[in-house]
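Reading through the structure tokens given below for one structure.
Note that this is a predicted model, so its numbers are computed, not measured.
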Amino acid sequence: MGTYKDLTVWQKSMTLARRIYEITARYPEEERFGMVSQMRRCSVSIPSNIAEGFGRETIREHAHFLFISLGSSNELETQLILSNDFQYVGEQDY
């Protein structure tokens, strides 16, 4: 069965979280405690909840954490759209 680390979705979400940290390091200083903090928390929440759900005993519990992860990814997408609108990120990063 493996571990959560074997899941492609977890691996890709870890890559996404690392990339968000790289991208947000270039944001304006005034966003450090606003959008940067929120985006970083969202990006970390995605693989964290996938991992936590993997360790749960029931399918229902597992699904619950996957839905939390999905919510975080939707939140992060919204923040990336705003970041693009504010021109904090270029088209390639967006």
Side-chain angles (χ1 to χ4, degrees):
M1 171 135 176
T3 71
Y4 64 88
K5 293 176 188 173
D6 298 319
L7 299 173
T8 302
V9 68
W10 180 84
Q11 294 167 5
K12 287 185 176 189
S13 65
M14 289 291 288
T15 300
L16 173 65
R18 285 189 290 272
R19 188 72 183 115
I20 291 297
Y21 268 75
E22 292 170 2
I23 290 168
T24 57
R26 300 188 305 255
Y27 276 45
E29 184 67 26
E30 66 265 15
E31 287 296 344
R32 191 157 130 210
F33 297 108
M35 195 174 291
V36 169
S37 176
Q38 188 64 28
M39 290 176 72
R40 287 178 173 187
R41 284 195 313 267
C42 285
S43 68
V44 169
S45 175
I46 298 167
S48 297
N49 279 293
I50 292 168
E52 186 168 354
F54 188 88
R56 295 299 171 139
E57 292 183 21
T58 68
I59 295 294
R60 185 174 183 188
E61 287 178 304
H62 186 139
H64 172 75
F65 284 95
L66 292 179
F67 279 115
I68 292 172
S69 182
L70 178 61
S72 294
S73 68
N74 291 336
E75 187 178 352
L76 180 60
E77 180 181 24
T78 299
Q79 293 156 358
L80 283 168
I81 291 168
L82 284 170
S83 294
N84 190 22
D85 289 349
F86 297 146
Q87 299 180 340
Y88 294 159
V89 295
E91 287 299 316
Q92 184 176 3
D93 287 330
Y94 175 68

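For Glu29, the salt bridge (charged side-chain N to carboxylate O under 4.0 Å, His left out) test picks out Arg32, with sequence neighbours left out. Residues forming a side chain to side chain donor-acceptor pair (under 3.5 Å) with Ser48 (at least two apart in sequence, or on another chain): none. Considering only residues two or more places apart in sequence or on other chains, Glu22 meets the salt bridge (charged side-chain N to carboxylate O under 4.0 Å, His left out) condition with Arg19. Residues that satisfy the side chain to side chain donor-acceptor pair (under 3.5 Å) test with Ser45, not counting sequence neighbours, are Asn49, Ser72. With sequence neighbours excluded, the residues satisfying side chain to side chain donor-acceptor pair (under 3.5 Å) with Glu91 are Asn84. Here His64 pairs with Ile68 under the side-chain contact (heavy atoms from CB on, under 4.5 Å) rule; sequence neighbours left out. Every side chain to side chain donor-acceptor pair (under 3.5 Å) that Arg26 has, sequence neighbours left out, goes to Asp93. Partners of Ser73 under the side-chain contact (heavy atoms from CB on, under 4.5 Å) rule, at least two apart in sequence or in another chain, are Ile46, Leu70. Evaluation of the salt bridge (charged side-chain N to carboxylate O under 4.0 Å, His left out) rule for Arg56 yields Glu52, Glu61 as partners, not counting sequence neighbours.
Within 6.0 Å of CD in Glu57 there are 12 or fewer heavy atoms belonging to other residues, nucleotides or ligands.
The ring-ring contact (aromatic ring centres under 6.0 Å, His included) analysis of residues 69-94, with sequence neighbours excluded, yields the pairs Tyr27-Tyr88, Phe86-Tyr88. Sorted by first then second residue, the ring-ring contact (aromatic ring centres under 6.0 Å, His included) pairs that include residues 5-24, not counting sequence neighbours, are Tyr4-Trp10. Note on residues 71-88: no pairs pass salt bridge (charged side-chain N to carboxylate O under 4.0 Å, His left out), not counting sequence neighbours.
Panel note: side chain Ser69, backbone Phe65; no donor-acceptor pair is recorded below 3.5 Å. A donor-acceptor pair is defined here as one N or O able to donate and one able to accept, closer than 3.5 Å; such a pair exists between the side chain of Asp6 and the backbone of Thr3. Looking at Ser43, its side chain does come within 3.5 Å of a backbone N or O of Arg40 through a donor-acceptor pair.
The side-chain heavy atoms of Ser83 and Met39, taken from C-beta on, include a pair separated by under 4.5 Å. When side chains are defined from C-beta on, Gln79 counts as touching Gln38, because their heavy atoms get closer than 4.5 Å.
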Could you check Leu80 against Ile23 for side chain to side chain contact (heavy atoms under 4.5 Å, CB included), going step by step and ending with a plain yes or no? CA-CA 10 Å; Leu80 283 168; Ile23 290 168; 5.5 Å; no
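From Arg41, atom CZ reaches atom CG of Leu76 across 12.0 Å, with rounding to the nearest 0.5 Å. Taken from NZ in Lys12 to CD1 in Ile50, the straight-line distance is 11.5 Å, to the nearest 0.5 Å.
Linking Ile, Leu, Val, Met, Phe, Trp and Tyr whenever their side-chain heavy atoms come within less than 4.5 Å leaves Met35 and Val44 in two separate clusters. One hydrophobic cluster holds both Ile81 and Val36 under the rule that ILVMFWY side chains link at heavy-atom gaps under 4.5 Å.
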